[in-house]
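Single-structure report; data block below.
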Amino acid sequence: MASSDDKPVPTPASAGGGGAPPGQPTTMASKVLDMGAAAMQSLQPVKQAKQHACTFALYAHDPKRQLETHHYVSRLNQDFLQCAVYDSDAADARLIGVEYIVSRKVFDTLPAEEQRLWHSHAHEIRAGLWASPRVPGMLEKPELDHLAATLGKFWCTWQVDRGDRLPLGAPALMVSPQADPAATVRPGLVRKRDDRYGFSTEELRAGRGDVEAPAEEHPGQADYWLRHRKGFAVDVVPHEMKRHAPFP
């Protein structure tokens with residue numbers, strides 16, 4: 001199955017249920033186990049997420065398909081961030097993918113073929129699309145200056161916009177909004193986000209005129225789809241296994 005499949009084969013997991021995954025309600029025994037484990041285990045990787053950012057993403061093979069995304073960001077160092085991406089900030093939010101974010105210094109070390117999978121963040125930041133709900137602007141400003149020069153690679157593993165109730169098919173490469181008609185986020189999608197959080201993307205944009213813009217907004221092979229109008233889609237195909245020993 002390809003990540004570009006617009007309509008997967010109909011199954012109970014591909015529609016209905018209000019988008020919720022199929023399954024029975026969580027039992028009391030499972031809840032007790034979860035509470036006990038949370039009290040006794042460190043869960044350090046999860047606890048490293050220190051930021052919540054809300055933004056938008058476009059499918060690389062079909063930029064008219066767009067998602068509101070919620071990134072929970074862990075900083076491994078100043079040049080590398082990793083984000084667990086959800087479809088909302090609700091308690092029952094669905095984990096729909098992962099994004100890795102690197103500095104320009106790290107990006108420049110990547111081969112050209114790899115760089116084609118990465119997107120720039122400068123426009124997304126300066127346009128007010130990337131927002132940190134409930135974080136004061138003055139506190140957010142240094143991070144915005146840093147993020148504006150970064151590059152990201154985002155794989156979506158659960159195409160919730162199709163109504164999928166489970167993660168179906170191959171992962172899809174996502175790209176960021178850009179100052180191009182083919183990469184503009186639908187106004188209704190932005191307005192829905194703004195109404196929920198009580199802020200204005202237009203006002204955020206107006207207040208980010210002093211965000212430091214990178215000297216080269218689309219470095220190397222970043223934003224390849226935008227330059228060449230050719231996106232990338234993942235296909236799952238049979239492949240001969242490497243046999244290190246004879247099968248029984």
Side-chain angles (χ1 to χ4, degrees), residues 1-27 30-31 33-34 37-38 41 43-49 51-74 76 80-102 114 116-119 124 129-130 152-177 185-186 189 192-193 196 225 231-239 241:
M1 179 182 290
S3 62
S4 56
D5 280 346
D6 197 28
K7 294 181 179 179
V9 176
T11 71
S14 62
Q24 297 297 314
T26 304
T27 66
S30 293
K31 292 179 180 179
L33 172 61
D34 292 345
Q41 296 178 331
L43 304 180
Q44 283 300 316
V46 177
K47 292 180 179 178
Q48 291 308 304
Q51 297 183 45
H52 164 220
C54 179
T55 184
F56 304 91
L58 292 59
Y59 286 82
H61 64 272
D62 184 0
K64 292 304 179 185
R65 288 180 60 192
Q66 305 173 356
L67 291 173
E68 177 184 318
T69 57
H70 294 259
H71 298 240
Y72 288 84
V73 187
S74 301
L76 270 63
F80 185 88
L81 307 176
Q82 57 186 16
C83 311
V85 184
Y86 291 81
D87 66 335
S88 77
D89 62 355
D92 60 351
R94 293 168 289 184
L95 177 64
I96 63 170
V98 60
E99 179 170 11
Y100 301 102
I101 297 175
V102 299
E114 171 65 23
R116 295 188 304 171
L117 304 178
W118 295 72
H119 59 261
E124 184 179 1
L129 297 168
W130 177 285
K153 181 166 71 170
F154 175 8
W155 291 105
C156 175
T157 55
W158 191 342
Q159 299 184 46
V160 292
D161 62 307
R162 296 189 306 198
D164 295 0
R165 299 177 64 195
L166 288 174
L168 302 175
L173 184 68
M174 309 297 281
V175 294
S176 59
V185 181
R186 294 191 300 275
L189 199 59
K192 183 178 178 182
R193 188 273 301 267
R196 186 184 316 112
W225 74 278
F232 294 99
V234 177
D235 284 314
V236 179
V237 297
H239 195 278
M241 295 174 60

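For the numbers below, each heavy atom of this structure counts, side chains included, while hydrogens, waters and symmetry mates do not.
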Counting C-beta onward and ignoring hydrogens, is there a side-chain heavy-atom pair between Gln48 and Gln82 closer than 4.5 Å?
no

With ring centroids as reference points, do His71 and Trp130 lie under 6.0 angstrom apart?
yes

So does Tyr100 have more than 12 non-hydrogen atoms from other groups sitting under 6.0 Å from OH?
no

Check whether Arg94 reaches the backbone of Arg165 with its side chain - one donor and one acceptor, N or O, closer than 3.5 Å.
no

Looking at side-chain heavy atoms only, is the closest gap between Asp87 and Trp158 below 4.5 Å?
no

OH (Tyr86) with more than 12 external heavy atoms under 6.0 Å:
no

Would you mind reporting whether Tyr59 and Leu67 have side-chain heavy atoms less than 4.5 Å apart?
yes

Donor-acceptor check, side chain of Gln66 to backbone of Pro177, threshold 3.5 angstrom: yes or no?
no

Any side-chain heavy-atom pair from Trp225 and Leu173 closer than 4.5 angstrom?
no

Taking it one step at a time, do Gln51 and Leu81 satisfy side chain to side chain contact (heavy atoms under 4.5 Å, CB included)?
CA-CA 11 Å; Gln51 297 183 45; Leu81 307 176; 5.8 Å; no

Side chains of Val85 and Met174: closer than 4.5 Å at any heavy-atom pair?
no

List the steps and the verdict of side chain to side chain contact (heavy atoms under 4.5 Å, CB included) for His119 and Glu99.
CA-CA 11 Å; His119 59 261; Glu99 179 170 11; 3.0 Å; yes

Is the closest side-chain heavy-atom distance between Ile101 and Val73 below 4.5 Å?
no

